[in-house]
Amino acid sequence: MTSRTLRKRLHHGDVDGKKNEHLETSGSDDLNEPLLGNYYSDTHAEGSSLEETCDDERRKEYLHWTLLFSQLIAQWARWLANIVLGSGSLIGQLLTFPSTTQNGQSTKLLAPPLSPLQEARLRKLRQRLEVPFDGSRVEHQDALLQLWRLAYPDKELPPLKSELWKQMGWQGSDPSTDFRGGGFISLENLIFFAQQYPESFQRLLHKQDGTRAEWEYPFAVAGINISFVLAHMLDLQSAEPASLAGIRFLELLQEDEMAFDNLYCVAFQMMDAQWLAKRASYMEFNDVLKSTRSQLERELALEDVSSVKDLPAYNMLRR
């Protein structure tokens, strides 16, 4: 799943679709009101009375003291932050206090140095992400057939191109055309889900929980989307993570080599719960993904999370 194959980026909101949504904008708003500096220049050019001049001097003095107080408050805030976010604090180890520059920009979050174990596991995970699905490779064909056996143990294996694949939620008779940006890791994720949490996998595959929509999301294609979303959310394509979720994931990787795959299972179960809570239908699938990402980011930010099993949503999974 290289940068060439990543075709879109999904962003996510909250359960009700209204709060905690992330809206990205670019550019600046137009100024509809004149700047104060221009206003002062115009009044002085026209000539002001002595009283107006005195008022102007008092205004400048007021602005001067306001600036001094704001700078003092900013220094106090940084001093307090150094205490609260000191080296003995978990948050202090993960975050740098955002210092404001002349452009009004803030420094990004910095990840702590990685242990040799974390580096090795992260490198292996990134290598997995680089592998595209190739329907001509025997091992990829075998993995696809393995997924069928896990999903339908009592049914005969279909040909690699068959209308039967639509039962699992592939869009056409040839599943290989659905992977695109998901890569081979998305198939590995589905297989891992079926092996490690077979009850949850089967319940989601057959839509056994809750009141379902007339037009449901396609199971297999939804799984590919979740792999795609997770890789972006965790900044796995970047040299180092710039988001809190990405930084916290590195901690999970220290405890669990399969942290990404386990997190995938949590995300899939969480997505279905969001789907039911919203009473969503097929056309609202992207909104559900946004809500899922938002909830997952919040759970990863919890201080007492040191493994995937510590996430509140992990308790929804059934083996």
Side-chain angles (χ1 to χ4, degrees), residues 1-3 5-6 9-12 20 22 24 77-101 103-131 181 183 185-186 188-189 226-267 270 289-290 292-314:
M1 189 164 63
T2 63
S3 60
T5 61
L6 298 179
R9 183 180 181 118
L10 301 173
H11 303 272
H12 306 274
N20 293 322
H22 304 284
E24 295 187 355
R78 285 193 290 270
W79 176 70
L80 289 173
N82 288 334
I83 296 176
V84 176
L85 305 179
S87 59
S89 168
L90 174 61
I91 300 178
Q93 295 174 16
L94 296 176
L95 306 180
T96 57
F97 187 73
S99 58
T100 303
T101 64
N103 297 327
Q105 298 177 344
S106 299
T107 58
K108 66 179 182 179
L109 302 180
L110 298 178
L114 300 182
S115 68
L117 181 61
Q118 285 173 304
E119 289 182 349
R121 289 177 172 177
L122 182 59
R123 182 166 55 251
K124 182 178 179 180
L125 177 57
R126 284 174 171 166
Q127 290 172 351
R128 291 174 62 195
L129 290 166
E130 293 294 324
V131 179
I185 193 173
S186 58
E188 292 180 318
N189 291 153
I226 291 172
S227 297
F228 183 89
V229 167
L230 274 183
H232 277 280
M233 185 188 78
L234 302 176
D235 292 326
L236 294 177
Q237 312 304 130
S238 306
E240 59 182 37
S243 65
L244 180 57
I247 292 172
R248 295 304 302 272
F249 173 73
L250 297 180
E251 294 182 28
L252 306 186
L253 207 57
Q254 173 72 27
E255 302 297 326
D256 179 13
E257 183 178 9
M258 306 304 292
F260 183 83
D261 301 77
N262 278 304
L263 193 61
Y264 168 89
C265 299
V266 173
M270 184 186 292
L289 279 180
K290 293 177 184 179
T292 302
R293 172 171 175 164
S294 179
Q295 183 181 350
L296 197 56
E297 287 174 331
R298 290 196 302 274
E299 293 199 9
L300 284 170
L302 297 175
E303 292 185 7
D304 57 348
V305 171
S306 58
S307 72
V308 175
K309 294 181 179 180
D310 293 331
L311 295 171
Y314 180 84

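From a predicted model like this one, the values you see are computed outputs, not experimental measurements. Counting begins at 1 with the first residue of the sequence.
With rounding to the nearest 0.5 Å, the separation of CG in L122 from CD in E119 is 8.5 Å. With rounding to the nearest 0.5 Å, the separation of CZ in F260 from OG in S227 is 5.5 Å. The CG atom of L129 lies 12.5 Å from the NZ atom of K124; values are rounded to the nearest 0.5 Å. Of the inter-residue distances, the one linking M233 atom CE with I226 atom CD1 reads 11.5 Å to the nearest 0.5 angstrom. Atom-to-atom distance recorded for L236:CG and L230:CG is 8.5 Å, nearest 0.5 angstrom. Atoms CD and OG, on E255 and S306 in that order, are 6.0 Å from each other to the nearest 0.5 Å.
The backbone N or O of V305 lies less than 3.5 Å from a partner atom in the side chain of R248, making a donor-acceptor pair. A donor-acceptor contact shorter than 3.5 Å links the side chain of E299 to the backbone of A313. No donor-acceptor distance shorter than 3.5 angstrom exists from the side chain of D261 to the backbone of N189, with no hydrogens or angles considered. For the pair D256 (side chain) and S307 (backbone), a donor-acceptor distance under 3.5 Å is absent. Between the side chain of R126 and the backbone N or O of S238, at least one donor-acceptor pair lies under 3.5 Å.
When side chains are defined from C-beta on, M270 counts as touching L296, because their heavy atoms get closer than 4.5 Å. Side-chain contact between L252 and D310 is absent, with no heavy-atom pair separated by less than 4.5 Å. Within the 4.5 Å cutoff, side-chain heavy atoms of F249 are placed close to those of L125.
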Trace of the side-chain contact (heavy atoms from CB on, under 4.5 Å) decision for L234 with L263: CA-CA 11 Å; L234 302 176; L263 193 61; 4.0 Å; yes

Intermediate values then yes/no, side-chain contact (heavy atoms from CB on, under 4.5 Å), E130 and Q237: CA-CA 9 Å; E130 293 294 324; Q237 312 304 130; 4.3 Å; yes

Derivation of the side chain to side chain donor-acceptor pair (under 3.5 Å) call for S115 and Q254: CA-CA 8 Å; S115 68; Q254 173 72 27; 2.6 Å; yes

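Pairing each heavy atom of Q118 with each of L250, the nearest pair is NE2-O, 2.7 Å.
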